Amino acid sequence: MSDGYGRPDRLGQVDRFDRFDRFDMTVMHTVHDALRRELRHIGRAGALISPDPRHLLRTTAGWGMFRTALRVHHSAADDALWPVLRGALHGRPDDLTRLVAIEAEHDAIAAIAGVVDEALAEHGTGHGTEHGTQPDTRPDTGPGTTPRTDPDTELDLFRELIGSLVTGLAGHLTHQEEAVFPLIRTALSEEQWKHFCQVHTQRIAPHAPQLLPWLLDGADGRTVAVVLAAFPERARRAYGRRWQPAYAATDRWSALAPQAAGT
């Protein structure tokens with residue numbers, strides 16, 4: 001059975017709670033679960049006829065939280081996981097090929113997400129007529145100009161971008177769980193894995209008031225306890241008293257249907 005985003009139901013559930021496993025993968029699985037949760041909303045937003053999905057993603061909190069979380073997660077892996085794992089896989093060419101494929105997917109996803117950001121910024125400059133903006137009066141031709149795309153075509157291309165992001169990231173997360181998580185367990189030392197987890201926590205910390213409740217949205221009690229244990233006591237108190245209630249009051253996807261806007 002699949003969850004509809006490329007992952008068998010509860011893939012890794014045993015692994016993340018295996019008390020005999022020397023590597024606690026709870027945080028990685030929790031990040032992946034949160035990203036998949038948001039991909040469902042982003043996919044629904046991209047399929048909207050009205051309002052314009054570009055306006056929705058640009059003006060609601062959901063896209064910004066997703067992008068911040070993706071950047072944090074990717075930067076921690078780029079700096080503290082992939083280089084160490086590459087070194088640990090020296091002399092294992094087949095496994096190195098798997099890692100190269102994962103890194104290529106990672107780069108492609110970052111590029112697609114960046115193009116989506118650019119499209120949202122372009123849409124926010126006032127080009128087009130939806131939501132009270134002014135018509136685009138830029139010349140079609142002339143020195144230094146790029147011919148404009150038909151508005152309907154622009155929207156279709158944007159939907160394709162969203163589809164590529166959703167499909168690509170969902171597949172990447174599954175590929176990582178199936179191909180890389182086993183390599184982490186067999187090739188890295190406990191100290192190397194702990195260092196990556198520390199770097200990941202440090203990257204989250206500046207964004208913790210938003211990212212911690214976002215990350216733990218829908219998580220069970222054990223997962224919440226494991227993730228929060230990596231943070232100082234003052235952060236854990238703030239999570240329960242301020243951050244989680246504030247997040248719960250935030251409507252991440254306000255223009256989606258009520259049944260789609262929740263967790």
Side-chain angles (χ1 to χ4, degrees), residues 2-3 5-8 10-36 38-39 66-115 164-208 211 215 222-223 226-231:
S2 169
D3 64 359
Y5 282 81
R7 182 187 68 164
R10 311 311 298 163
L11 176 66
Q13 186 71 40
V14 173
D15 290 341
R16 79 179 76 177
F17 295 144
D18 185 353
R19 62 190 179 91
F20 299 106
D21 189 350
R22 65 195 182 102
F23 292 102
D24 188 341
M25 309 289 285
T26 301
V27 172
M28 288 288 277
H29 282 292
T30 304
V31 172
H32 284 199
D33 286 348
L35 290 172
R36 287 187 176 102
E38 298 304 293
L39 286 178
F66 168 81
R67 288 295 282 127
T68 299
L70 189 62
R71 289 189 190 100
V72 164
H73 185 56
H74 276 186
S75 71
D78 285 341
D79 295 344
L81 182 57
W82 306 140
V84 177
L85 187 55
R86 193 179 305 112
L89 293 174
H90 179 72
R92 296 167 57 174
D94 291 345
D95 290 336
L96 277 171
T97 298
R98 293 187 178 95
L99 181 59
V100 168
I102 287 291
E103 291 185 273
E105 293 171 2
H106 176 122
D107 292 342
I109 290 159
I112 293 170
V115 175
S164 295
L165 176 65
V166 170
T167 302
L169 180 53
H172 173 68
L173 297 175
T174 299
H175 190 193
Q176 201 174 92
E177 290 163 353
E178 294 176 347
V180 175
F181 284 16
L183 296 180
I184 290 171
R185 290 186 168 97
T186 60
L188 294 189
S189 68
E190 292 181 61
E191 290 72 22
Q192 288 170 324
W193 177 246
K194 287 178 182 177
H195 174 68
F196 166 72
C197 291
Q198 289 168 353
V199 170
H200 199 279
T201 298
Q202 291 166 359
R203 300 294 168 85
I204 290 175
H207 313 280
L211 280 195
L215 182 62
R222 182 198 181 278
T223 298
V226 169
V227 172
L228 290 181
F231 291 85

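Keep in mind that what you see is a predicted model, and the values were worked out from it rather than measured.
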Once salt bridge (Lys or Arg N to Asp or Glu O under 4.0 Å) is applied, what residue pairs with a partner in residues 97-110 remain, sequence neighbours excluded? R86-E103, D95-R98

For H200, the ring-ring contact (aromatic ring centres under 6.0 Å, His included) test, sequence neighbours excluded, returns H73, F196

Taking the side chain as every heavy atom from C-beta outward, state whether H195 and V84 have any pair of such atoms under 4.5 Å apart. no

Tell me the closest heavy-atom pair linking A187 and A88, and the distance in Å. O-CB, 3.5 Å

With a 4.5 Å limit on heavy-atom distance, are the side chains of L81 and I184 in contact? yes

Sub-4.5 Å side-chain heavy-atom contact between E177 and M28: no

Shortest non-hydrogen contact between P83 and A77, atoms and distance: CD-O, 3.9 Å

Atom pair NE2/NE2 of H175 and H106 - distance to nearest 0.5 Å: 14.5 Å

Checking the side chain of W82 only, and the main-chain atoms of L99 only, is there a donor and an acceptor separated by less than 3.5 Å? no

To the nearest 0.5 angstrom, please state how far the CZ atom of F66 sits from the CG atom of L39. 5.0 Å

Side chains of R92 and T186, heavy atoms from C-beta outward: is any pair under 4.5 Å? yes

Please name the residue in the list T68, V31, V72 that meets the side chain to side chain contact (heavy atoms under 4.5 Å, CB included) test with I204. V72

Roughly how far apart are I112 CD1 and T167 OG1, rounded to 0.5 Å? 9.0 Å

OG1 of T30 to CG of L35: how many Å apart, nearest 0.5 Å? 11.0 Å

Write down the atom of W193, the atom of D24, and the distance for their closest heavy-atom approach. NE1-O, 3.3 Å

Closest non-hydrogen atom pair, I109 against H74: CG2-CE1, 4.2 Å

Taking atom CD of Q202 and atom CZ of F231, what is their separation to the nearest 0.5 Å? 10.0 Å

So, do T26 and R222 sit near enough that their side-chain heavy atoms are less than 4.5 Å apart? yes

Salt bridge (Lys or Arg N to Asp or Glu O under 4.0 Å) partners of residues 187-208, not counting sequence neighbours, each pair once: D79-R203

Where is the tightest heavy-atom contact between L215 and A34, given as atom of each residue plus distance? O-CB, 4.0 Å

Taking C-beta and beyond as the side chain, do L169 and L70 meet within less than 4.5 Å on heavy atoms? yes

